[in-house]
Protein chains: 2
Amino acid sequence: MIQAIDRAARVLAALQGSRHLGITELGAILDLPPSTVHGIVASLRDHGLVVKEPHGQRYMLGPTLLQLSNVYLDTLDVRARAMRWTGDLSERTGLAVRLGVEFFDQVIVIHHEPRPDGTRQMPETGVTIPAHASALGKVLLAYRPSFLQSLLGKVPLRSLTGETIVEPVELEKALVEVVEKGYAVEDEEAVLGEASIAVPVADRDSEAIAAIAVVLPASQQPVADSVLTLLREAARNVSRELGSPTWPPVVSELDD
Amino acid sequence: MIQAIDRAARVLAALQGSRHLGITELGAILDLPPSTVHGIVASLRDHGLVVKEPHGQRYMLGPTLLQLSNVYLDTLDVRARAMRWTGDLSERTGLAVRLGVEFFDQVIVIHHEPRPDGTRQMPETGVTIPAHASALGKVLLAYRPSFLQSLLGKVPLRSLTGETIVEPVELEKALVEVVEKGYAVEDEEAVLGEASIAVPVADRDSEAIAAIAVVLPASQQPVADSVLTLLREAARNVSRELGSPTWPPVVSELDD
DNA sequence: ATCATTATTCGACATTGTCGAATGTGCTTC
DNA sequence: GAAGCACATTCGACAATGTCGAATAATGAT
């Protein structure tokens, strides 16, 4: 680990959290002297990774991140393959669809299909959700034991709503059920009023590498069997395009 | 400039260009020994800025960029303000709309409204276009002389199509006209078959900080006056919300 | 205009990053 | 399965780079 790069990444993470920060504030957050922070920020600025806010002394994230992010999304085979199927799924269910992958102790939405009802909805691509509080995350936790192990190494689990599962034992029990049924349910655990159901996407090694979810109002729980069928179909189609010989995936082995 | 951070940023830029690269390839591009590159890449990996591709030895950009990018977009006041007006503009013109800002020698799309005809269109947020070859860019070059100066310091101008303006004198002449008319036109200079027209967005200092464009097939040139009127209206509305006392903006002063 | 706070610059030197050599890994061919 | 090759990764000596305290400059509020 190169310290200077670690520090630069931590500057970016601090700006991700607080959005606008001055040099002294960044120094306080990172426990570094202002002059050190200033050098780091200056280097990031030269590459457009950080900018100074238009009116004032504070700094914020910069446009290079958007360009790089666009390339990241473009590079994802699973996303390219899922575009069509998630689009179909959204049209046929009338629901919003999310495609998510593992991201540290969270899940990050790499593709979002808004509800096809013509209303304006916030774009969700790039949104992160705690893994244990989302259907997307629970699917990945269930089929990827290394993800669960990594998560449980970071107790305590965060509570987002009164419904969020925060006991490791309870979560593990829920995950066993996910694998048995082949899908995960989220019922107001991340966002009040919101429910979703998710299934895994498998790659050519039959391992779960992503998950697809449909999102619905909690009042519409439980989800209709027809929706679950369409969801499964979409995931199976994406998995097949990725070269998976089977669906659902196997539960990955835990490598020490 | 902190060398290690500069090198890390250059690794990201190399991966932005070529998408998948091995350590030796990165070393060749950056003119660094493999062991040095390996250390940099390992540091970036720890923060999710770079990942190893699922099957193989090569590296690609990582999901942290998506998360950071999402925050970048969220932090942009001009984008938040423009969302509603660009949405209206798209609905009323039936055309796709782009909101762009200056990005080194390019313009980067920070918000995209697809054509409201229900067809599937590629998302354009995060797309970069050479400034001199796009209506968005020409507006910003015209109203921001420092942008033009910076661009012309990097001859030669790249030719994208047979229509692209690559002579500095010709470009400067075109930009004088942009300011006279208050809008810029792009006619197959960036993409064959595609035309657009753009106007500036002003901030509280009456300086152009962004541009809004509508996009149409080249066959539909010239754009109808009614479309130009709606485009101006949208830009004026965004500018007013940003606190601009006037519209169009003033041509910024060139600071040495 | 004044003042307080914060940003930025500068340079000595400690420590960190670099990079060549050695070792390990993965892929291809037989 | 074994061998060979290309590339990735590890290791450690030491050169040079990054750090950080002090000084100076800039900014914003009054």
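Naming: A, B, ... by sequence-line order, numbering from 1 per chain.
- Across the protein-nucleic acid pair, Met1(B) atom CE and dG18(D) atom P stand 10 Å apart, rounded to whole Å.
- Here the nucleotide nearest the side chain of Leu32(A), chosen from dC20(D), dG17(C), dG20(C), is dC20(D).
- Put simply, CG on Asp6(A) is 15 Å from C1' on dT19(D), counting in whole angstrom units.
- Rounded to a whole Å, the CD1 atom of Ile40(B) is 15 Å from the C1' atom of dT9(D).
- For Ala4(A), the side-chain atoms get nearest to dT19(D) when compared with the rest of dT8(C), dT19(D), dT18(C).
- Listed for the Thr86(B) side chain is a donor-acceptor partner under 3.5 Å among the backbone atoms of Met83(B).
- Taking the side chain of Thr36(B) as heavy atoms from C-beta on, and the options dA7(C), dT18(C), dA8(D), the nearest nucleotide is dT18(C).
- Ile23(A) has its CD1 atom 21 Å from the P atom of dT24(D), to the nearest Å.
- Backbone-only contact: Thr24(B) has heavy atoms under 4.0 Å from sugar-phosphate atoms and none from a base.
- Going from atom CZ of Arg58(A) over to atom P of dT5(C) covers 18 Å, rounded to whole Å.
- Nearest-nucleotide positions on DNA chain C for Arg45(A) and His55(B) put Arg45(A) closer to the 5' end.
- Mapping Ser35(A) and Ile2(A) onto DNA chain C by nearest heavy atom places Ser35(A) closer to the 5' end of the strand.
- Rounded to an integer number of Å, the gap from Gln57(B) CD to dA8(D) P is 6 Å.
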